[in-house]
Amino acid sequence: MHQLTLAEIARGLADKSFSSEELTGALLARIRSLDPSINSFISVTDELALEQARAADARRAAGESGALLGAPIGHKDLFCTTGVRTSCGSRMLDSFKAPYDATVVERLAQAGMVTLGKTNMDEFAMGSANESSHYGPVKNPWNLEHVPGGSSGGSAAAVAARLLPATTGTDTGGSIRQPAALTNLTGLKPTYGRVSRWGMIAYASSLDQGGPMARTAEDCALLLQGMAGFDPKDSTSIDEPVPDYSTSLNASLQGLRIGLPKEYFGAGLDPRIADLVQASVKALEKLGAVVREISLPNMQHAIPAYYVIAPAEASSNLSRFDGVRFGHRCENPKDLTDLYKRSRGEGFGAEVQRRIMVGAYALSAGYYDAYYLKAQKIRRLIKNDFMAAFEGVDLILGPTTPNLAWKLGAKGDDPVAAYLEDVYTITANLAGLPGLSMPAGFVDGLPVGVQLLAPYFQEGRLLNVAHRYQQVTDWHTRVPTGF
Ligand code: GLN
């Protein structure tokens with residue numbers, strides 16, 4: 001049963017080949033036996049899952065239907081879940097049990113999804129390797145010596161290892177798309193505002209966006225359908241109707257205009273990844289797409305701008321974890337300053353502390369104009385580049401990552417080396433655009449992803465192109481040895 005996609009599970013539950021309780025029990029057993037080797041879960045919610053599964057079976061028996069009713073899901077451990085630890089991968093929140101559900105969690109639960117647990121992640125979603133979690137690193141099921149990507153590394157590894165069919169992730173600079181690429185999944189970062197951020201612990205509020213991670217575009221469409229939509233509790237949520245993503249999945253690609261930014265294919269890109277990207281372009285041309293070169297001239301400024309804006313917002317968002325209002329509190333503080341210093345010093349890991357310091361510096365009087373304001377101006381130029389490009393093409397295609405999944409620990413002492421891995425993904429967050437990564441082949445047994453970017457609210461187009469591509473390729477069906 002663990003090999004089934006969400007769409008297949010929906011059919012199996014509908015025709016009564018198995019019940020949600022049977023499926024849930026089988027997957028929980030699989031998590032128990034296999035997760036110790038990859039560490040993709042922070043919490044497994046056995047009892048809650050079985051209870052939800054029985055409730056879903058009862059709803060179905062009473063005549064309800066729905067593609068997600070009784071289907072399993074895991075949530076990245078920054079989506080608040082009532083009564084269950086929501087740690088954000090940090091010692092700071094190790095004992096935090098949320099008193100409410102995030103909107104995403106609530107909506108998927110209403111659709112009848114069964115929560116198997118909370119997945120491992122980089123601490124406060126900062127990272128690209130899932131090595132900064134307080135609960136230990138996550139390993140890539142394709143090669144246990146390699147990282148799965150981050151920060152939604154647990155969400156990615158769990159699905160890749162067939163511990164469950166689907167998970168939620170969040171993407172501030174690539175954290176859905178990059179781990180999806182490195183573990184052979186399909187991952188979608190929606191348009192900023194498409195999916196509610198309410199109840200998602202904030203990293204950088206103007207960039208964060210939740211989205212689905214699964215094996216196929218078809219499954220991502222089912223999940224996005226359940227997650228998306230206006231939420232009055234999130235002031236940046238957008239009140240736009242949610243289209244039916246499943247009906248556009250099979251639309252023809254005849255005449256679809258795809259742009260390849262020339263800046264994507266320069267030095268820094270592993271040539272073996274470039275070859276696989278070209279092969280995916282050929283496959284899409286065969287399906288009717290018309291491909292041409294475009295330019296995104298300000299792309300080289302994206303990493304420096306992002307690594308000012310994201311830490312600036314993080315330094316502000318994380319100020320609430322002070323040992324008084326929220327988070328870990330040190331033992332026997334001498335006075336208030338000691339309480340703050342030691343609570344934050346003990347609660348936050350090294351990468352989070354680094355980002356808070358960088359962010360607070362960039363926002364401080366005298367440096368604000370030179371760093372933060374400058375970065376915001378670059379952000380606008382990057383958005384303008386995309387707007388100009390989308391006058392001539394419908395979609396932009398390129399690699400998701402410049403390199404393959406690296407070995408655990410390989411970039412440990414060099415944070416900037418890890419930051420550079422985000423070069424293809426962070427521009428979509430800076431501009432607020434939707435992006436999808438899909439499996440496109442292997443190099444040395446490690447998966448390679450291709451990224452598609454679309455204009456605002458064109459998630460349906462991304463899913464359509466990825467689905468058509470997955471009808472003519474079988475990369476997404478490959479299973480890592482041992483799983
Ligand atoms: N790697 C990026 C960072 O560390 C992106 C992380 C994310 O999208 N959450 O900030």
Side-chain angles (χ1 to χ4, degrees), residues 75-79 88-90 119-133 137-138 147-156 167-183 187-190 192 195 197 200-213 302-318 348-359 362 375 379 400-403 405-406 411-412 414-437 449 451 453:
H75 292 295
K76 184 174 182 178
D77 206 18
L78 55 59
F79 285 97
C88 228
S90 181
T119 56
N120 205 342
M121 55 180 285
D122 276 306
E123 186 178 6
F124 282 98
M126 297 171 188
S128 335
N130 216 129
E131 290 180 292
S132 75
S133 168
V138 177
V147 302
S151 62
S152 316
S155 288
T167 47
T168 52
T170 61
D171 193 312
T172 303
S175 283
I176 289 176
R177 293 161 287 156
Q178 186 255 14
L182 301 190
T183 59
L188 173 70
K189 172 217 163 309
Y192 184 77
V195 168
R197 290 185 298 111
M200 236 173 77
I201 296 174
Y203 162 15
S205 312
S206 76
L207 301 159
D208 297 342
Q209 185 62 197
M213 303 177 77
I303 288 183
Y306 172 90
Y307 279 98
V308 169
I309 294 169
E313 293 187 19
S315 73
S316 163
N317 277 325
L318 271 54
F348 291 134
E351 184 60 25
V352 174
Q353 293 188 21
R354 182 180 297 124
R355 306 264 182 128
I356 291 173
M357 285 192 283
V358 168
R379 184 174 190 173
T400 308
T401 64
N403 293 299
W406 56 93
K411 295 188 200 277
D414 187 358
V416 176
Y419 300 169
L420 293 173
E421 293 296 319
D422 300 336
V423 61
Y424 299 118
T425 48
I426 53 177
T427 50
N429 303 78
L430 289 168
L433 293 168
L436 175 147
S437 179
Q451 175 177 245
L453 300 175

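Every number for a ligand or one of its atoms is a count from 1 in the order of the listing.
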_Looking only at the aromatic ring of each residue, does the gap between the centers of Y419 and Y306 stay below 6.0 angstrom?_
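Y306 vs Y419: aromatic centres not under 6.0 Å.
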Close-contact set for ligand 1 against [X] heavy atoms, below 4.0 Å:
X	value
S175	5 (C), 6 (C), 7 (C), 8 (O), 9 (N)
R355	3 (C), 4 (O), 10 (O)
Y307	1 (N), 2 (C), 3 (C), 4 (O), 10 (O)
D422	1 (N), 2 (C)
Y203	3 (C), 9 (N), 10 (O)

*How far apart are the closest heavy atoms of P137 and E131, and which atoms are they?*
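Smallest heavy-atom distance, with atoms named: CB-CA, 4.2 Å.
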_If I apply the N/O under 3.5 Å rule, does M126 come out as touching ligand 1?_
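No, since none of the N or O atoms of M126 sits under 3.5 Å from an N or O of ligand 1.
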*Say you draw a straight line from CD of Q178 to OG1 of T183; how long is it, rounded to the nearest 0.5 Å?*
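Interatomic distance, Q178 CD to T183 OG1, rounded to 0.5 Å: 9.0 Å.
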_So is A310 touching ligand 1 or not, going by heavy atoms under 4.0 Å?_
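A310: no contact with ligand 1 (<4.0 Å).
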*Would you please test N403 and E421 for side-chain hydrogen bond (donor to acceptor under 3.5 Å, both in side chains) and show each step?*
CA-CA 7 Å; N403 293 299; E421 293 296 319; 2.8 Å; yes
*Report the residue from K76, K189, R177 that forms a salt bridge (charged side-chain N to carboxylate O under 4.0 Å, His left out) with D171.*
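Per the salt bridge (charged side-chain N to carboxylate O under 4.0 Å, His left out) rule, the option paired with D171 is R177, out of K76, K189, R177.
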*Answer whether the closest heavy-atom distance between the side chains of K411 and L420 falls below 4.5 Å.*
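The answer is no, as the side chains (C-beta and beyond) never meet within the 4.5 Å cut-off.
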